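Reading through the structure tokens given below for one structure.
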Amino acid sequence: NKIVPTKHLIALNIIQKLCEIYKPFGIKFFLLGGQLLGAVRQEAFAGRPQDIDLGLIDIHFDKFIKNIDLIQKNFKTGRFLNADKKKFKIMDPDFAIMQNHVDEWTNNKKSTFYRFEKTCCQFRLVDFIPWSNEYNLGDMLVDIKFFSLKSFKGNQYWINNPFESTDENELPKEHFDQNDLLELNTAKLYGFKFYIPKKYEKYLEGLFGKDWKTPILKKGSKHFVWKK
């Protein structure tokens with residue numbers, strides 16, 4: 001038997017619940033960042049999860065934002081996130097779907113529990129302990145990253161940086177081939193299946209280096225492995 005760390009259970013509970021709530025809309029969240037790294041490497045989170053990184057292609061992100069009120073109906077949201085709405089704008093025409101929602105958000109004078117950041121939509125959910133029905137004092141940041149198709153040297157790629165001009169000779173770190181997000185695979189976290197990009201090796205190498213398959217342990221940290 002393995003005792004799963006509390007923070008891992010909290011993050012797992014949030015991801016499971018998000019996927020279940022938005023499943024009727026055909027929305028498919030896929031794992032990114034440390035969650036993706038841990039899932040494909042050891043079927044557990046890589047390190048102690050401080051935030052949750054999930055991705056959506058633009059048409060699914062559109063459905064998600066239109067129904068974002070389901071977050072507050074199903075979760076206890078954390079503190080409001082500060083944001084300078086006046087400086088926030090998407091200039092890339094390939095991200096037009098996102099721009100419509102950004103415009104609506106920036107024109108809304110009321111505070112919202114979520115905000116748009118450089119490459120994602122963010123909100124905080126109060127840490128929940130599933131087995132005790134109690135809340136922790138802290139909260140966990142959730143990043144929902146959005147991807148849109150862009151042409152690059154005659155090919156189509158899913159890109160996640162609408163605010164920065166892409167170098168003409170280089171793709172940004174966070175990109176996927178066209179089929180990688182249209183035909184998602186699955187991976188397990190603690191025995192539960194979640195969607196992941198069809199091919200993820202280049203993405204993980206871009207974020208964590210060529211040795212991403214080998215865990216790097218910081219002094220005093222523990223490497224939790226669900227399945228070797």
Side-chain angles (χ1 to χ4, degrees), residues 8 11-12 14-15 18-19 22 27-62 64 90 92 94-95 97-98 116-122 141-190 192-217 223-228:
H8 292 223
L12 180 65
I14 289 173
I15 298 173
L18 277 172
C19 292
Y22 288 97
I27 295 172
K28 294 182 178 180
F29 295 98
F30 49 88
L31 303 178
L32 289 173
Q35 280 77 47
L36 175 60
L37 173 65
V40 300
R41 191 174 66 187
Q42 67 228 37
E43 294 192 13
F45 291 127
R48 187 171 182 261
Q50 300 297 327
D51 57 10
I52 294 172
D53 293 317
L54 299 173
L56 288 174
I57 60 173
D58 48 13
I59 56 174
H60 287 191
F61 186 85
D62 181 53
F64 167 71
I90 297 177
D92 194 324
D94 290 321
F95 286 77
I97 292 178
M98 258 63 74
F116 282 93
E117 260 297 331
K118 208 169 187 182
T119 58
C120 64
C121 173
Q122 292 182 327
L141 181 68
V142 180
D143 291 335
I144 308 294
K145 296 192 174 185
F146 41 78
F147 289 79
S148 283
L149 276 175
K150 282 184 67 68
S151 295
F152 182 80
K153 294 185 177 180
N155 295 312
Q156 294 283 310
Y157 297 94
W158 292 100
I159 304 294
N160 176 238
N161 65 337
F163 304 92
E164 299 177 0
S165 59
T166 303
D167 188 314
E168 292 183 359
N169 298 308
E170 185 178 356
L171 283 166
K173 287 183 179 180
E174 297 201 51
H175 75 273
F176 294 95
D177 291 348
Q178 183 174 5
N179 290 334
D180 291 348
L181 300 185
L182 291 177
E183 303 173 11
L184 296 171
N185 284 339
T186 60
K188 289 183 178 180
L189 279 173
Y190 309 97
F192 296 95
K193 283 185 178 181
F194 296 99
Y195 286 114
I196 64 170
K198 185 177 181 181
K199 293 181 180 179
Y200 50 78
E201 290 83 359
K202 288 183 180 179
Y203 166 82
L204 291 178
E205 183 176 318
L207 288 184
F208 302 105
K210 294 182 178 180
D211 296 327
W212 61 267
K213 293 182 180 180
T214 303
I216 299 176
L217 291 180
H223 175 55
F224 185 85
V225 177
W226 182 257
K227 184 178 180 181
K228 294 183 180 179

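Hydrogens, waters and symmetry mates play no part in the numbers below; they use all other heavy atoms, side chains included. Since we're looking at a predicted model, the values are computed, not measured.
- A donor-acceptor pair is defined here as one N or O able to donate and one able to accept, closer than 3.5 Å; no such pair exists between the side chain of Asp180 and the backbone of Pro197.
- Among residues at least two apart or in separate chains, side-chain hydrogen bond (donor to acceptor under 3.5 Å, both in side chains) pairs with a member in residues 192-210 are Glu183-Lys198.
- Note that the CG atom of Leu181 and the NZ atom of Lys28 stand 12.0 Å from one another [nearest 0.5 Å].
- Of the residues Ile14, Leu32, Leu31, Leu36, the one that meets the side chain to side chain contact (heavy atoms under 4.5 Å, CB included) test with Leu54 is Leu31.
- Gln35 places a side-chain N or O within donor-acceptor distance of the main-chain N or O of Asp51, the cut-off being under 3.5 Å.
- Contacts of Gln50 classified as side-chain contact (heavy atoms from CB on, under 4.5 Å), with partners at least two apart in sequence or in another chain: Arg48.
- Ring pair His8/Tyr190 is perpendicular by interplanar angle, where above 60° counts as perpendicular and below 30° as parallel.
- Pairs passing the side-chain hydrogen bond (donor to acceptor under 3.5 Å, both in side chains) check and including a residue from residues 53-62, sequence neighbours excluded, read Asp58-Ser148, Asp62-Lys66, Asp62-His101.
- Here the CZ-CE distance, from Phe147 to Met98, works out to 10.0 Å after rounding to the nearest 0.5 Å.
- In terms of heavy atoms, Ala187 sits closest to Val40 at CB-CG1, 4.4 Å.
- Using a 4.5 Å heavy-atom cutoff, the side chains of Leu182 and Trp158 are in contact.
- In this structure, the separation between CD1 on Ile57 and CD1 on Ile27 is 10.5 Å, given to the nearest 0.5 Å.
- Once rounded to the nearest 0.5 Å, the distance linking CD of Gln156 with CG of Asn179 reads 11.0 Å.
- Checked against side-chain contact (heavy atoms from CB on, under 4.5 Å), Ala11 has the following partners two or more places apart in sequence or in another chain: Phe45, Pro49, Ile52, Met140.
- Using bins of under 30°, 30° to 60° and over 60° for the plane-to-plane angle, the ring pair Phe61/Phe146 lands in the perpendicular bin.
- Applying the side chain to side chain contact (heavy atoms under 4.5 Å, CB included) test between Cys19 and each of Phe192, Phe29, Phe30 identifies Phe29 as the sole match.
- For Gln122, the side chain to side chain donor-acceptor pair (under 3.5 Å) partners at least two apart in sequence or on another chain are Arg115, Asp143.
- Under the 4.5 Å side-chain criterion, counting only non-hydrogen atoms from C-beta, Leu184 is not in contact with Ile196.
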